[in-house]
Amino acid sequence: MERDSLTRSKIIVLDLGSYGSHVVARQVRKLQVYSEIFPIMTPVEDVLAKGAQGVILTGRSGDPGSAIREAASRSAGELSAAGMPLLAVGSGLEWLVEELKGRGAEGPAISLPGGIESLAEPAGRQVLEDFVLNICRCQPTWTMESFIETSIQEIRAEVGRQPVVCGLSGGVDSTVAAALVHRAIGDQLTSIFVDHGFMRKYEAEKVIDIFRNRFGKGFIAVDAKERFFALVQGVTDPEEKRKRIGSEFIRVFEEEAAKLGEIQYLVQGTLYSDVVESGAGQGTLVKSHHNVGGLPEKMALKLLEPLRWLFKDEVRVVAQKLDLPDELIWRQPFPGPGLAVRIIGEITPEKVAILQEADYILREEIAQAGLERDIWQYFAVLTDTRTVGVQDQERNYGYMLGIRAVNSVDGMTASWVHLPYPVLERISSRIMGEIKDISRVVYDISSKPPATIEWE
Ligand code: XMP
């Protein structure tokens, strides 16, 4: 099966500057129709060249600004003149459809006035489904079974008999990427796990255990803790931390790969949301996720990114189909630089140890409350703010620790979780009771946007 047949039916989402475009794209994919996001400034001929059967314009309510308004009006007009069916999603976009109707549009043009939020309701989803399946006449060709089959063939065709390496972080994305490549080329793949020292308590050991079993001789674990600590010593700027850790990661891979002989390819678990968020879709860089933005320019290995078309929920389906253990499929997302971006300011081994303990208590209490599967991500953040407290009747000038719990579908937007007060109370009293260096615990009540999920 070729990729063409997998994405034969396709919808393009044109983003007028809203965080909701990926919600729309995911909903389309739930109908088993492939969808891709592009910024509204994309030239119409490029959009038409993609061969989509329909275009959805998404925007948030309120005035998008005159440049975007003009671009949207021009694109929609030209697309419609070419007979392209259009759906406008967003309470601020009715004007677009009115304008098109006024001009006597060629293709069908409708709007979903409730905006992105209305896709949470059956009625809103029905409008979308009608548009995709009836108006655009898309066929449901996008399934994870066919994605796996197609990817296996593509990977084999791309790498031939050449050896491949993969960096495993212990997260779902790199594990699924490795498992998929392993399914395609077996022992031609060597997977490398780099312990940078910023993993959660006991996590490195666990990850090593799982991968030894699965990949056997094709698995290498590297203890690089000292190297990474030296590298971030004295660094306080978040982007600098990310860049240094990201580049060092690649360097360690390259060194290991060099020991294996002539290697050409590096597998990475980059997802579609990383691609869009790193600027390919929207033209704005929020953070350099090490999967994409932090790569050193002069990398000697070619990239193999079999998941770069997938959203997180699709990756979990692929993981199930590849028989990966539940423990891994449901592991919460963990940033590549690990606890390094959850320690504000300078990183020291002592601070990592403090954060590991606090994070461990948090995880125990969330599990105890039976909330593990209900929360997308929950973690602790060690701030560099010290506050006065009292411990054993003595003044204690310890750190302030932040607790964060968010729900999200793919990490691009997130809302803070209303953890029950008794759970919060246990978390806070255990942390302050058991960890002397922490004198205050606060709960993060920020959603994304405008905050991001990680603090750095
Ligand atoms: P932010 O903080 O950007 O995070 O709202 C969105 C999601 O991405 C995870 N994250 C990363 N994942 N490498 C990764 O693979 C990274 O450098 C990285 N930084 C953040 C974050 O945990 C959240 O799930």
Side-chain angles (χ1 to χ4, degrees), residues 19 22-23 26 166-178 193-194 196 198-200 203 207 228 232 235 237-250 253 266-282 284-296 303 305-308 310-313 315-316 328 330-344 347 355 359 362-363 375-381 402-417 444 446-456:
Y19 259 84
H22 64 286
V23 176
R26 279 191 50 258
C166 176
L168 291 173
S169 69
V172 191
D173 309 345
S174 59
T175 306
V176 175
F193 169 68
V194 178
H196 52 25
F198 310 130
M199 299 293 280
R200 292 180 296 193
E203 193 150 46
V207 162
F228 276 88
V232 295
V235 178
D237 179 67
E239 276 299 287
E240 185 62 26
K241 280 183 193 171
R242 282 176 171 275
K243 290 219 171 87
R244 286 192 186 202
I245 293 170
S247 336
E248 191 69 359
F249 237 95
I250 304 291
F253 288 146
L266 174 73
V267 180
Q268 287 217 307
T270 314
L271 302 193
Y272 191 52
S273 46
D274 302 325
V275 176
V276 174
E277 189 153 291
S278 285
Q282 284 158 323
T284 46
L285 174 69
V286 180
K287 291 177 190 179
S288 60
H289 283 193
H290 92 254
N291 281 341
V292 183
L295 291 179
L303 283 185
E305 300 177 309
L307 310 180
R308 66 178 290 118
L310 301 189
F311 286 111
K312 192 82 171 194
D313 50 343
V315 171
R316 291 207 165 112
L328 255 171
W330 292 103
R331 163 170 280 149
Q332 26 171 336
F334 191 64
L339 300 184
V341 292
R342 293 178 181 171
I343 293 172
I344 310 301
I347 301 164
L355 183 55
D359 182 74
L362 170 68
R363 281 191 284 151
I375 308 174
W376 161 270
Q377 233 173 330
Y378 45 93
F379 55 87
V381 179
I403 300 290
R404 183 123 171 92
V406 293
N407 268 330
S408 174
V409 181
D410 52 23
M412 292 190 69
T413 60
S415 46
W416 64 275
V417 173
D444 184 347
S446 330
S447 290
K448 174 182 180 177
T452 52
I453 294 178
E454 302 292 343
W455 282 25
E456 288 199 332

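Both counts, for ligands and for their atoms, begin at 1 and track the order of listing.
Ligand 1 places these atoms under 4.0 Å from at least one heavy atom of Pro337: 16 (C), 17 (O). Close approach to Lys448 involves these atoms of ligand 1, each under 4.0 Å from a residue heavy atom: 1 (P), 3 (O), 5 (O), 6 (C). Near Thr452, the atoms of ligand 1 lying under 4.0 angstrom from a non-hydrogen atom of the residue are 1 (P), 2 (O), 5 (O). Close approach of ligand 1 to Gly411 is summarised as follows: ligand atoms under 4.0 Å from at least one heavy atom of the residue are 6 (C). Less than 4.0 angstrom separates some heavy atom of Gln377 from each of these atoms of ligand 1: 21 (C), 22 (O), 23 (C), 24 (O).
Of the polar atoms of Ile453, at least one N or O is found under 3.5 Å from an N or O of ligand 1, judged by distance alone. Residue contacts with ligand 1: Arg242 is placed with a nitrogen or oxygen under 3.5 Å of a nitrogen or oxygen of the ligand (distance criterion only). For ligand 1, one of its N or O atoms has an N or O atom of Gly336 under 3.5 Å away.
Residue Met412 does not touch ligand 1, judged by heavy-atom distances below 4.0 Å.
By the 4.5 Å heavy-atom criterion applied to side chains, Ser408 and Lys448 are not counted as neighbours. Within the 4.5 Å cutoff, side-chain heavy atoms of Val315 are placed close to those of Val172. The side-chain heavy atoms of Arg342 and Phe334, taken from C-beta on, include a pair separated by under 4.5 Å.
Interatomic distance, OG1 of Thr413 versus CD1 of Ile453, reported as 8.0 Å (0.5 Å rounding). For the atom pair OH of Tyr272 and CZ of Arg308, the computed distance is 9.5 Å after rounding to the nearest 0.5 Å.
Taking the six-membered ring where the residue is Trp, Phe311 and His22 present tilted rings, their angle falling between 30° and 60°.
Ion pair Glu203/Arg363 not flagged as a salt bridge, since none of the NZ, NE, NH1 or NH2 atoms sits closer than 4.0 Å to an Asp/Glu carboxylate oxygen.
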